[in-house]
Amino acid sequence: MELKERIDKRFKQDFGEEGTFYASAGRINLIGEHTDYNGGFVFPGAIDKVIMAEIKPNGTDKVRVVSLDLDDTAEFGLNETDAPKASWARYIFGVCREVLKRGGVVKGFDAVFAGNVPLGAGLSSSAALESCFAFAINDMFNENNIEKFELARIGQSTEHNYCGVNCGIMDQFASVMGQKGKLMRLDCRSMEYEYFPFNPEGYKLVLVDSVVKHELADSPYNKRRQSCERVAKRLGIETLRDATMEMLDAIRTDITAEDYFRAKFVIEEKDRVLAVCDALVAGDYETVGEKMYETHHGLSKDYEVSCEELDYLNDIAKECGVTGSRIMGGGFGGCTINLVKDELYDKFVQTAMSKFAEKYGHAPKVYPVVISDGAHKEA
Ligand code: ADP
Ligand code: MG
C-alpha cells in the first residue's frame, strides 16, 4: 500500500475523520563537507524520500500522534512541562514549543505519520520529521505567516533544545526549502542561498551506505574544528572562509603539518563548491563528478575523516567508471554519494554490494535518490 493510503487508513481508524496531508523530505549534500563551521558553503537538495503526516486540529489543547513506522502513539499538552518521553514524539513536541516560543499559534491536533527516509543513515530523517510538522503548523494555525527559513530554524532549535543534538542548519534548510530539480548553495556565514539546476539526464544519484560507524575516543570532530580555528586565528581572520592557499602557504612553517592539511582541505573545498555551481549551470556533470572525487580524496588524505570501508567504496566506484563519488557527511562511516551514468548503474550497484560484502561480511545498503520538493501540502 502507498504511504498515503496507509496513513489515511490508520487516521480513519483512530480519529474517524479526514485530515490534511503534509510531507517533507530527507536530503543529500552534493558537495561542501566540514565547511559549515568554517563559514563556507554547503550544497544540499531535498530527495524523493519523505516523512508524510495526515493532520487535523482537534479543538482541544492536546496533541495526539501515531507513529506508523514505530507502531507507537503519544499524547501531550503544549506547555514546556508536557514533554513526551518517546524520543520520536519529542521532535514533534519540540516543533510545537519552538513555534509557540516565537509567538506563533499552536493548538491541539491529531496526526498519523510515516515515512521512507531511512533512519540514521545520514539522510536526515529527523529534519524531515521536524519540517513536516513545522510546515503543517504554519499552514494550519498561522496562515503561513512564519517565513520558510524560520521553519528550518524551528527544526534546528528543536534538535538543540528537545533532542540533545547540536546540529547546524543545513538539514532543516534543505528539507524545508528544497525544490525538484534544484540544489541549493547555502552560505553558512551570511545564510544567503541560491538555487542551481540539477537535472542530471543520463545519470543517477545513488547513496551507498557502508552501515558502519566508527566511534573514536578523542572526538575527531572537535579536533578538526580546533585545527581550523587555530589556523584562522594565526591568519588573523574569523574563519577559513576568508583564507586562500597563498595565505596558508605563507604561514606553512609556523603551523603544524596537521593543521596545514586540515586548513588546505577547507580552503580547497570552498573552491570546489563554487566550481560545481559553475559546472551545473553549464550542464557539465563530468566536472561535477571530478570535484566529488577530489572532495573524497581531500576528506580521506588531508582532513583524515574517512575510513577503510568508505575508501573501499570510493575505489570500487572509480574502478567501475562511476562519474563522481565521495563520502557524504562528517565521515568515519555512513554513506558515499555517487553520480553514476545510467548504463553503469546496475553494474556498479552489484559490484559494490558483492565486493563490499565479500570483504566486510555484510552488504552495504543502496538508496537511489532523485532531487525533489521539500516541505509541502499534499494535493
Ligand atoms: P537521521 O540522520 O536520519 O536524521 P537521527 O538520529 O537524527 O537520524 O534521527 C532519527 C530519529 O528521528 C529516530 O530515532 C526517530 O526518533 C525520528 N524519526 C525519523 N524517522 C521517523 C519515522 N519514520 N517514524 C518515527 N520517528 C522517526
Ligand atoms: Mg538527524
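All values below come from the heavy atoms of this structure, side chains included, with hydrogens, waters and symmetry mates left out. Whatever order the structure lists them in is the order used to number ligands and atoms, beginning at 1.
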Chemist: Does F149 have its ring centroid less than 6.0 Å away from the ring centroid of F173?
Modeler: yes
Chemist: Tell me whether ligand 1 is touched by P118 - counting only heavy atoms on the residue side and a distance under 4.0 Å.
Modeler: yes
Chemist: Does the pair K355/E358 count as a salt bridge with the N-to-O cut at 4.0 Å?
Modeler: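 So K355 does not pair with E358 through a salt bridge.
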Chemist: Can you pull out the closest protein heavy atom to atom 24 (N) of ligand 1? Residue, atom name and distance to 0.1 Å, please.
Modeler: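 For this ligand atom, the closest protein heavy atom is F113 CE1, 3.4 Å.
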Chemist: At distances under 2.8 Å, what protein N, O or S atoms surround the Mg ion (ligand 2)?
Modeler: S126 OG
Chemist: Is R189 salt-bridged to D242, cutoff N-O under 4.0 Å?
Modeler: yes
Chemist: Is there a polar contact, in the sense of an N or O pair closer than 3.5 Å, between E159 and ligand 1?
Modeler: no
Chemist: Should the proximity of A128 to ligand 1, defined as any heavy atom under 4.0 Å, be assigned to the side chain, the backbone, both, or neither?
Modeler: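 No part of A128 comes within reach of ligand 1.
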Chemist: Where does the angle between the aromatic ring planes of Y360 and Y312 fall among parallel (under 30°), tilted (30 to 60°) and perpendicular (over 60°)?
Modeler: perpendicular
Chemist: Testing D373, D48, D171 one by one against R27 for a salt bridge (Lys or Arg N to Asp or Glu O under 4.0 Å), which residue passes?
Modeler: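 That would be D171.
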Chemist: Classify the ring geometry of Y221 against H34: parallel below 30°, tilted from 30° to 60°, perpendicular beyond 60°.
Modeler: tilted
Chemist: Salt bridge or not for D187 and R241, using N-O below 4.0 Å?
Modeler: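 Looking at R241 together with D187, the answer is yes, because their closest N to O distance falls below 4.0 Å.
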Chemist: Does this structure show an ion pair linking E54 with K4, if we count only N-O contacts that are shorter than 4.0 Å?
Modeler: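 Looking at E54 and K4, the cut-off is not met.
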Chemist: Using 4.0 Å as the upper bound for N to carboxylate O, is an ion pair formed by K56 and E18?
Modeler: no
Chemist: Considering only non-hydrogen protein atoms, determine which one is nearest to atom 7 (O) of ligand 1 and report residue, atom name and distance to 0.1 Å.
Modeler: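 Minimum-distance protein heavy atom for atom 7 (O) of ligand 1 reads S126 OG, 3.1 Å.
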Chemist: Applying a 4.0 Å heavy-atom criterion (strictly less than), which segment of S67 is in contact with ligand 1: side chain, backbone, both, or neither?
Modeler: side chain
Chemist: Counting from 1, what ligand 1 atoms have a heavy atom of L70 closer than 4.0 Å?
Modeler: 25 (C), 26 (N)
Chemist: Side chain to side chain donor-acceptor pair (under 3.5 Å), that's the test. Do N338 and T336 meet it? Break it down for me.
Modeler: CA-CA 6 Å; N338 304 274; T336 61; 3.1 Å; yes
Chemist: For atom 11 (C) of ligand 1, grab the closest protein heavy atom and report residue, atom and distance to one decimal in Å.
Modeler: Y91 OH, 3.8 Å
Chemist: Taking E229 first and then K233, would you say they form a salt bridge - that is, a charged N and a carboxylate O separated by under 4.0 Å?
Modeler: no
Chemist: Can you sort out which atoms of ligand 1 are near L119, meaning under 4.0 Å from one of its heavy atoms?
Modeler: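 Those qualifying, in numeric order: 3 (O), 13 (C), 19 (C), 20 (N), 21 (C).
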Chemist: Below the 3.5 angstrom mark, is there an N/O of A127, backbone or side chain, next to an N/O of ligand 1?
Modeler: no
Chemist: Strictly inside 4.0 angstrom of atom 20 (N) of ligand 1, do you find any protein heavy atom?
Modeler: yes
Chemist: Within a distance under 4.0 Å of any heavy atom of I51, pick out the atoms of ligand 1 and give their elements.
Modeler: 20 (N), 21 (C), 22 (C), 23 (N)
